[in-house]
Participant: 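Take a look at this one; I'll ask things after.
One-based numbering along the sequence shown.
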Amino acid sequence: MTMVSAVNGRRNMPTPTSPMDYATNGAAIKQIHGALASHHHRHMWIITGPAGCGKSTVAQYLAKELAIPYVEGDDYHTDSNKQKMSQGTPLTDTDRWDWLIALREAATSRLSPSKSSTTKPHDGVVVTCSALKRKYRDVIRIAAYEDHDVMVHFIYLRANADILLARVKSREGHYMKSAMVRSQMEALEEPDANEQERDVLEVDCGQSLTQVQKKVVKTVRGVLANDQ
């Protein structure tokens with residue numbers, strides 16, 4: 001059973017491997033760096049990277065600039081997960097599955113509220129999620145697999161371990177400790193060329209926060225300009 005099948009309770013549903021996998025009846029969905037799409041999509045912007053890369057700060061800034069909802073990934077961790085991390089105990093794949101699914105569903109609901117909901121639909125949502133491994137990112141990608149009007153984009157905030165450690169050590173009262181940076185860097189599977197071609201946008205977060213924020217907004221606006 002594949003990872004995608006396991007988290008959805010379905011069998012024989014392969015993980016999408018290219019933007020074309022999200023098309024139905026031969027109608028192609030635009031590749032991020034490719035031709036113009038046939039219509040405007042709803043975009044899920046996933047701000048990713050290890051602890052200390054500035055996910056929440058960058059995500060909040062982006063959401064404000066685009067005037068779209070923001071979903072904080074940490075809010076969807078269970079208390080047991082938070083306790084583990086505060087004690088410096090790395091989360092296992094099992095710890096993360098339900099969190100990833102809950103986070104994906106929360107983000108999707110902001111794009112397409114249920115008919116009984118009073119919340120209006122949005123054409124975009126910004127989400128923070130470490131998404132350290134490819135199979136974790138694949139769980140989020142299911143949002144586009146299940147709704148072909150949705151496009152998932154990962155904005156990977158990349159920095160070396162020394163920078164991340166320094167930032168986490170400077171935090172006060174946060175449950176994420178510096179030891180977790182090391183464990184997350186060890187678990188990290190950086191997006192490969194295939195992922196970067198498909199839906200990953202990399203931004204160097206070793207620069208100043210202001211520079212990173214502006215770079216992310218510029219990158220996102222570039223994608224949106226091609227989706228008209």
Participant: So how far is it from Phe154 CZ to Gln196 CD, rounded to the nearest 0.5 Å?
Facilitator: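 Phe154 atom CZ to Gln196 atom CD measures 13.0 Å (nearest 0.5 Å).
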
Participant: Test side chain to side chain contact (heavy atoms under 4.5 Å, CB included) on Trp45 and Val152 and set out the steps.
Facilitator: CA-CA 6 Å; Trp45 306 98; Val152 175; over 6 Å; no

Participant: Salt bridge (charged side-chain N to carboxylate O under 4.0 Å, His left out): which pairs involve residues 45-54, sequence neighbours left out?
Facilitator: none

Participant: Answer whether the closest heavy-atom distance between the side chains of Leu157 and Ile47 falls below 4.5 Å.
Facilitator: yes

Participant: Nearest 0.5 angstrom please: Thr48 OG1 to His153 NE2, how far?
Facilitator: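 Between atom OG1 of Thr48 and atom NE2 of His153 there are 13.5 Å.
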
Participant: Of all residues at least two apart in sequence or in a different chain, which pass the side chain to side chain donor-acceptor pair (under 3.5 Å) check with Glu189?
Facilitator: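 Here no residue qualifies.
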
Participant: Side-chain contact, heavy-atom cut-off 4.5 Å: Tyr76 with Val71?
Facilitator: yes

Participant: For Pro69, what residues pass the side-chain contact (heavy atoms from CB on, under 4.5 Å) criterion, not counting sequence neighbours?
Facilitator: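 Testing Pro69 for side-chain contact (heavy atoms from CB on, under 4.5 Å), a comparison that skips the adjacent residues, returns Arg110, His122, Val125.
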
Participant: With a 4.5 Å limit on heavy-atom distance, are the side chains of Leu66 and Arg221 in contact?
Facilitator: yes

Participant: Tell me every residue that passes side chain to side chain donor-acceptor pair (under 3.5 Å) with Arg158, counting only those two or more places apart in sequence or in another chain.
Facilitator: Glu190

Participant: Please confirm whether the backbone N or O of Ser130 pairs with a side-chain atom of Lys55, one donor and one acceptor, at under 3.5 Å?
Facilitator: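 No: the side chain of Lys55 does not pair with the backbone of Ser130.
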
Participant: Hey, could you give me the CE/CG distance between Met44 and Asp199, rounded to the nearest 0.5 Å?
Facilitator: 12.0 Å

Participant: Of all heavy-atom pairs between Thr108 and Ala143, which one has the smallest distance, and what is that distance?
Facilitator: OG1-CB, 3.8 Å

Participant: Can you see which heavy atom on Ala159 is nearest to which on Gly206, and at what distance?
Facilitator: CB-N, 4.3 Å

Participant: Report yes or no: does Thr89 contribute a side-chain atom to a donor-acceptor pair with the main-chain N or O of Met85 at less than 3.5 Å?
Facilitator: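 No: the side chain of Thr89 does not pair with the backbone of Met85.
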
Participant: Is there a side-chain contact between Gln213 and Thr57 in this structure, where contact means two heavy atoms from C-beta onward sitting under 4.5 Å apart?
Facilitator: yes

Participant: Is there a side-chain contact between Leu209 and Val58 in this structure, where contact means two heavy atoms from C-beta onward sitting under 4.5 Å apart?
Facilitator: yes

Participant: Can you tell me how the ring of Trp97 sits relative to the ring of Tyr136, calling it parallel under 30°, perpendicular over 60° and tilted otherwise?
Facilitator: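 Rings of Trp97 and Tyr136: perpendicular, over 60°.
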
Participant: Within the 4.5 Å heavy-atom criterion, are Val139 and Ile101 side-chain neighbours or not?
Facilitator: yes

Participant: Taking the side chain as everything from C-beta on, heavy atoms only, tell me whether Glu195 gets closer than 4.5 Å to Glu197.
Facilitator: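 Glu195 vs Glu197: side chains apart.
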
Participant: Suppose we screen for side-chain contact (heavy atoms from CB on, under 4.5 Å). Which residues come up paired with Asn160, at least two apart in sequence or across chains?
Facilitator: Asp162, Ile163

Participant: Got a donor-acceptor contact below 3.5 angstrom from the Arg104 side chain to the Ile140 backbone?
Facilitator: no

Participant: If you apply the rule side chain to side chain contact (heavy atoms under 4.5 Å, CB included), what do you find for Asn194 with Arg134, and how did you get there?
Facilitator: CA-CA 11 Å; Asn194 177 271; Arg134 177 163 184 164; 3.4 Å; yes

Participant: With rounding to the nearest 0.5 Å, note down the distance linking CD1 in Ile46 to CD1 in Ile155.
Facilitator: 9.0 Å

Participant: Around Asp79, counting heavy atoms of other residues, nucleotides and ligands shown, do more than 12 lie under 6.0 Å from its CG?
Facilitator: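 Atom CG in Asp79 is not packed in, count stays at 12 or less.
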
Participant: Just grab all the salt bridge (charged side-chain N to carboxylate O under 4.0 Å, His left out) pairs involving residues 86-98, residues at least two apart or on different chains.
Facilitator: Lys84-Asp95, Asp93-Lys133, Asp93-Lys135

Participant: Is there side-chain contact between Leu103 and Val127, with at least one heavy-atom pair below 4.5 Å?
Facilitator: yes

Participant: Is the shortest side-chain N to carboxylate O distance from Arg42 to Asp147 below 4.0 Å?
Facilitator: yes

Participant: Under a 3.5 Å distance rule, please check whether Trp99 uses its side chain to pair with a backbone N or O of Gly73 as donor and acceptor.
Facilitator: yes

Participant: Could you give all pairs that pass the ring pair (Phe, Tyr, Trp, His ring centres under 6.0 Å) test and reach residues 184-206, with sequence neighbours left out?
Facilitator: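 Pairs touching residues 184-206 that pass the test: none.
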
Participant: When you measure from the side chain of Asp149 to the backbone of His41, do you find a donor-acceptor pair of N or O atoms at a distance under 3.5 Å?
Facilitator: no

Participant: Could you walk me through whether His43 and Leu111 pass side chain to side chain contact (heavy atoms under 4.5 Å, CB included), step by step?
Facilitator: CA-CA 8 Å; His43 297 266; Leu111 294 176; over 6 Å; no

Participant: Looking at CG of Leu132 and CD of Glu186, how far apart are the two atoms once the value is rounded to the nearest 0.5 Å?
Facilitator: 11.5 Å

Participant: Sorted by first residue and then second, give each side chain to side chain donor-acceptor pair (under 3.5 Å) pair with at least one member in residues 61-72; sequence neighbours left out.
Facilitator: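 Those involving residues 61-72 are Ser56-Glu72, Tyr70-Glu72, Glu72-Thr128.
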
Participant: Tell me, with the steps shown, if Asp138 and Ile142 meet side chain to side chain contact (heavy atoms under 4.5 Å, CB included).
Facilitator: CA-CA 7 Å; Asp138 284 341; Ile142 292 171; over 6 Å; no

Participant: With side chain to side chain donor-acceptor pair (under 3.5 Å) as the rule and sequence neighbours excluded, what pairs involving residues 202-212 come up?
Facilitator: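 Qualifying pairs, neighbours excluded: Ser208-Gln211.
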
